[in-house]
Each structure stands twice: as C-alpha cells, then as structure tokens.
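In what follows, chains are A, B, ... by sequence order, proteins preceding strands, each numbered from 1. Computation of the quantities below employed the complete heavy-atom set of this structure, encompassing side-chain atoms and omitting hydrogens, waters and symmetry-equivalent molecules.
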Protein chains: 2
Amino acid sequence: MITNRKQRPISAEQQLLAHHIKPTFQRLKVLEFLSKSCIHPTVDMIYRELVATIPTMSKTTVYNTLKSFVDKGIVSSLMITGTEARFEYVRQSHHHFICEKCNSIMDIVIACPHAVKRSVGGHTIKEQHGYFKGICADCAKKEAVNEAV
Amino acid sequence: MITNRKQRPISAEQQLLAHHIKPTFQRLKVLEFLSKSCIHPTVDMIYRELVATIPTMSKTTVYNTLKSFVDKGIVSSLMITGTEARFEYVRQSHHHFICEKCNSIMDIVIACPHAVKRSVGGHTIKEQHGYFKGICADCAKKEAVNEAV
DNA sequence: ATGACTGCAAAATATTTGCATATTC
DNA sequence: GAATATGCAAATATTTTGCAGTCAT
C-alpha cells in the first residue's frame, strides 16, 4: 500500500505527483508493482512482470523509471546479492536478511541505534543500510529433513 | 598486516595454509595487496595493480582467487557502490561509509548491538553488514569552499 | 510546436565459463 | 603423471547511452 507522510493511503498517481514525477502509464505500473511486491525484485523481474500485460514495455524504461524513483527517494536500491540490483518501495526503515541457499530477501524490523544518526565520524549520513546473510528458517528446516533421511 | 586468531602477525603464506588454500604466487600477491590496502578495491583495481609487476596475471585468476578467499572467509565482498563488487581483507567487524560524491569507502568502527547476534527472526546469521551513504567530511568541506566563492 | 518520455539497438561494463597450457607435489 | 592452478578467449549478464519516434500539453 502507498501512504503519504501521515500514513494515509494515497494512489500511486498522487505519490508521483507529490514527488514531482510526471505520472505516466509506465511509471504508475512500475510503482504499483513495487508497492505490492515483497520480493525485492530485480530490473528483470519487474520488466518480465509488466511486459506480460504491456507488450511495448522496455527494459530501458524500467531502468529510467527506477532511477528517477531512487533519486526522489520513493524507492531504494539494494546491492546485496551479487551483481544484480534489487529494488523495494520505501516504507518503514528496516534491515534485510539474505538467504545464501534460496537467495530470498526478507525484511527484518529491529531496533537499531544508528538509524537515527545524522552523521558518523564527521561524515553526513543520508541513508543507513543493514543486512544479514545466512540461512533462512525455511532452508534450515529443509536441510534438517534431508539429513534425517 | 595479517594476523592469526591470537592477533599475532603471520605471513600471507601462513594465512593461506591456515585456511587450506594452496599458497601460489598469484594468490599470495592478491592477499598481500588486499591486506595492505584500505581502499576496498574492485577486481579491476587489484588486477591493474598486480599486472604492473606480474605481466602474465589475468583477471580470471583475480576472480578465482577472490572467490576462494571469500568462500574461506579471509576476505569479504561488498556490493554497495553500484554494479562493481569491492573487496576487503577481513579484520575487526565494522560498518562502512560510502561517499556519494567521491565514491570512496571508509571503515566505520561503532558499537552495534546486532554484531553479536547469532540469529534474527528465526534465521541463522553468518554475516552482518552495515553501511551508511552520504557526503564525506572531505567533500562537505570542498562544497563549503566552493559556495563561499 | 515544444519539451519530456519511451523504446529499440548498440555500446559499455562486469562476471562466468570452457578449455588448453602450465605448474606443483 | 595426476591433480590443481592459470590465463586466454568467448560467452553471458547487467547497465548505460544514442537516437528516432511518440505523446502530452
């Protein structure tokens, strides 16, 4: 769901207007998809999803669109799983967990004392990112089952 | 400097042997360069540095070598500045600061309550990563000077 | 009509793979 | 001499760029 600063639900169109981005058809579709998704999709995932219903959609447009969203702070870009960027609609500040087995990315909401810092070591902070890598609960369970056999 | 678990200085060769990696000439050079470097170099930076004195060095070998180092936990791979992986010799656990202007990466040593966690949300943690993005002190200073002109 | 947006194609960049050669034990 | 490591070349993957056509004021 997309909300404004007061946590009131607003449309994708209003969200783009609020950030001075012209709400074109393609941009709305990208934003709507991201706001519904919890899989932190790659450019390719977004493209494949949208081209299914919008045959003229191009990857360049997905790249362009994501770049403008990231610039405006509506979407954040995660470089945590190898060489492919992943994207998420910006909501509450949180950390991530990346599973080495299944490569899924999960949101981890935990208190972080650095989340409110404005600067560190004399450097001005604009963004904070925290992530964990390991084995997710699902994969750990599957492994346990396999070993029992 | 390379140290063992008791913080005693050891040679690159001993470090590789301790991790069951055959200490070949190329691997030693990569490890020595990383252990001396504080710039979190890319594959290309490592390659260019080494090929200057070892004309037969290939990028494939740098990739292979880094992969084995990361697998053994001697080196860690950072995906935080766009599409190019950066590498650092593993020492004390710490966070990073990435400057949006000059793209330099700095180590940030701060207390983090999550650094000792073994699991989060039921998922088993193997690695923790934290980083900040913003404007470094140097670039902020330069900007201030430019504005004053 | 102007300026912004889209999308194809090509270029640029980054990484991986196949395989032949070289090296080491 | 068997096993492993190296390095060239090609393939693949990801992102960016140039440009021509399209769309919306």
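One N or O on the side chain of B/Q128 and one on the backbone of B/K117 form a donor-acceptor pair closer than 3.5 Å. Using a distance-only test at 3.5 Å, with no hydrogens or angles considered, no donor-acceptor pair links the side chain of B/S119 to the main chain of B/G122. Distance alone, capped at 3.5 Å, is enough to place a donor-acceptor pair between the A/R86 side chain and the A/I39 backbone. Side chain of A/H96 to main chain of A/D107: no donor-acceptor pair is present (N/O by atom type, distance under 3.5 Å, no hydrogens or angles).
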Report task. Just do the side-chain contact (heavy atoms from CB on, under 4.5 Å) check on B/Y47 and B/T61 with the steps written out, would you? Result -> CA-CA 9 Å; B/Y47 168 73; B/T61 298; over 6 Å; no

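Within 4.0 Å of A/T61, counting heavy atoms only, lies at least one base atom of the nucleic acid. The residue B/T83 sits close only to the backbone: its heavy atoms come under 4.0 Å of sugar-phosphate atoms, none of a base. Residue B/T56 is in sugar-phosphate contact alone, with no base atom involved, counting any heavy-atom pair closer than 4.0 Å across all strands shown. B/T60 comes within 4.0 angstrom of a nucleotide base, judged by non-hydrogen atoms across all strands. Residue contacts for B/K22: at a heavy-atom cut-off of 4.0 Å it reaches the sugar-phosphate backbone alone, with no base atom in range.
Residue-to-nucleotide proximity on DNA chain D shows that, of A/A85 and B/N64, the 5′-proximal contact is made by B/N64.
Taking atom CE of residue B/M79 and atom P of nucleotide D/dT14, one finds them 11 Å apart after rounding to whole Å. When the C1' atom of D/dT16 is taken as reference, atom CG of A/D71 falls 14 Å away, rounded to whole Å. Counting to the nearest Å, the C1' atom of D/dC8 and the NZ atom of B/K59 are 14 Å from each other. When rounded to the nearest whole Å, the span between CZ of B/F25 and P of D/dT6 equals 11 Å. Between B/L16 atom CG and D/dT4 atom P the separation is 17 Å, expressed in whole Å. Rounded to whole angstrom, the span from the CD atom of B/Q26 across to the C1' atom of D/dG7 amounts to 9 Å. Residue B/R27 contributes atom CZ, which lies 8 Å from atom C1' of D/dT4 at whole-angstrom precision. When rounded to the nearest whole Å, the span between OH of A/Y47 and C1' of D/dT16 equals 17 Å.
Classified by interplanar angle (parallel below 30°, tilted 30° to 60°, perpendicular above 60°), the ring pair B/F132/A/H114 is perpendicular. Using cut-offs of 30° and 60° on the angle between ring planes, the pair B/H129 and A/Y131 is parallel.
Residue A/Y63 places none of its side-chain N or O atoms closer than 4.0 Å to OP1 or OP2 of D/dT16.
With a cutoff of under 4.0 Å to any heavy atom of chain B, the contacted region of DNA chain C is bounded 5' to 3' by C/dA14 to C/dT17.
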